[in-house]
Amino acid sequence: MTGLAVFAFVLVAAAPADTGKRERADSAVVAGPALATLAVGVRVADDTVRPRRRSVEVSEWYERRLRIHRYGAYTVIPLFALQAVAGSQLYDDPKVGPEWAKTTHRVGATALATVFTLNTVTGLWNLWDSRGVEQGRTRRTAHALLMLASDAGFTYAGVKLSNDAETSVDKRRLHRNVAIGSMATALTGAGLMTIWRED
């Protein structure tokens with residue numbers, strides 16, 4: 001016999017006959033205190049179970065609001081591009097800018113205000129509805145905060161600065177910078193939902 005076989009034989013022979021039998025995870029029967037400890041160790045390792053995720057019920061309208069929210073988000077990128085093109089035509093002097101740019105900029109601003117209002121309502125409603133869902137909470141919260149910051153920027157650029165931008169170069173520059181900053185913030189918030197995945 002090899003040395004290992006002799007050692008195993010001595011362990012089994014030295015164990016008391018009536019120590020009881022324990023079942024290993026693979027259903028093999030072992031006797032003796034030394035092997036029983038090993039069997040218990042294997043049992044503990046095999047019995048480790050990952051906790052299941054807790055299911056949380058959301059309202060029936062959650063999925064519908066999410067779909068509306070996504071469609072609204074898809075329309076934002078072309079509206080941003082349209083506003084950038086029309087705004088650049090009006091930047092030097094809005095009074096002598098082309099008529100199509102004036103009309104496009106006004107219509108685009110109204111469309112953006114509508115989409116952002118719709119997405120703010122549906123987004124915050126779904127954020128509240130999913131408040132008990134732990135998975136993805138950090139991502140959803142970061143997205144909501146960035147989009148609210150973008151809302152504030154667009155509101156300031158449109159309500160406070162748009163009229164003054166027609167007559168003042170400084171206000172026009174500020175209007176453009178706030179609008180571009182709000183676009184960047186909104187795109188960052190949208191990118192979080194696309195790229196960042198939380199388990």
Chi angles and distances behind the side-chain contact (heavy atoms from CB on, under 4.5 Å) call for L82, V107: CA-CA 10 Å; L82 200 62; V107 170; over 6 Å; no
Strictly distance-based, threshold 3.5 Å: is any side-chain N or O of [X] a donor or acceptor partner for the main-chain N or O of [Y]?
| X | Y | answer |
| --- | --- | --- |
| S168 | K171 | yes |
| R176 | S88 | no |
| T103 | W100 | no |
| T120 | F116 | yes |
| K95 | T167 | no |
| R131 | R137 | no |

Intermediate values then yes/no, side-chain contact (heavy atoms from CB on, under 4.5 Å), Q83 and L112: CA-CA 9 Å; Q83 286 296 84; L112 276 175; 3.8 Å; yes
Provide the closest heavy-atom pair for [X] versus [Y] in the form atom of the first, atom of the second, distance.
| X | Y | answer |
| --- | --- | --- |
| N119 | G72 | ND2-C, 3.7 Å |
| S150 | S182 | OG-O, 2.8 Å |
| A86 | A101 | CB-O, 3.7 Å |
| A157 | A179 | CB-N, 4.4 Å |

Could you tell me the separation between the [atom1] atom of [X] and the [atom2] atom of [Y], rounded to the nearest 0.5 Å?
| X | Y | atom1 | atom2 | answer |
| --- | --- | --- | --- | --- |
| I68 | T122 | CD1 | OG1 | 7.0 Å |
| Y71 | T75 | OH | OG1 | 12.0 Å |
| R172 | N177 | CZ | CG | 12.5 Å |
| H69 | M147 | NE2 | CE | 6.5 Å |
| L192 | T141 | CG | OG1 | 11.0 Å |
| E166 | K102 | CD | NZ | 8.5 Å |

Test the R65-W61 pair against the cation-pi criterion, namely NZ or CZ under 6.0 angstrom from the six-membered ring centroid and within 45° of the ring axis. no
Treating Ile, Leu, Val, Met, Phe, Trp and Tyr as nodes and any side-chain heavy-atom pair under 4.5 angstrom as an edge, say whether [X] and [Y] lie in one connected cluster.
| X | Y | answer |
| --- | --- | --- |
| L79 | I77 | yes |
| F154 | L161 | no |
| M183 | L146 | no |

Under the rule for side chain to side chain donor-acceptor pair (under 3.5 Å), what residues qualify as partners of R67, not counting sequence neighbours? none
Before giving the answer on side-chain contact (heavy atoms from CB on, under 4.5 Å), spell out for L148 and D151 the whole-Å C-alpha distance, their side-chain angles and the decisive distance to 0.1 Å. CA-CA 5 Å; L148 287 172; D151 280 349; 4.0 Å; yes
Tell me whether R64 at atom CZ has more than 12 heavy atoms from other residues, nucleotides or ligands lying less than 6.0 Å away. yes
How far apart are the C-alpha atoms of L174 and Y156, what are their side-chain angles, what is the distance that settles it, and do they pass the side-chain contact (heavy atoms from CB on, under 4.5 Å) test? CA-CA 10 Å; L174 182 59; Y156 181 66; 4.2 Å; yes
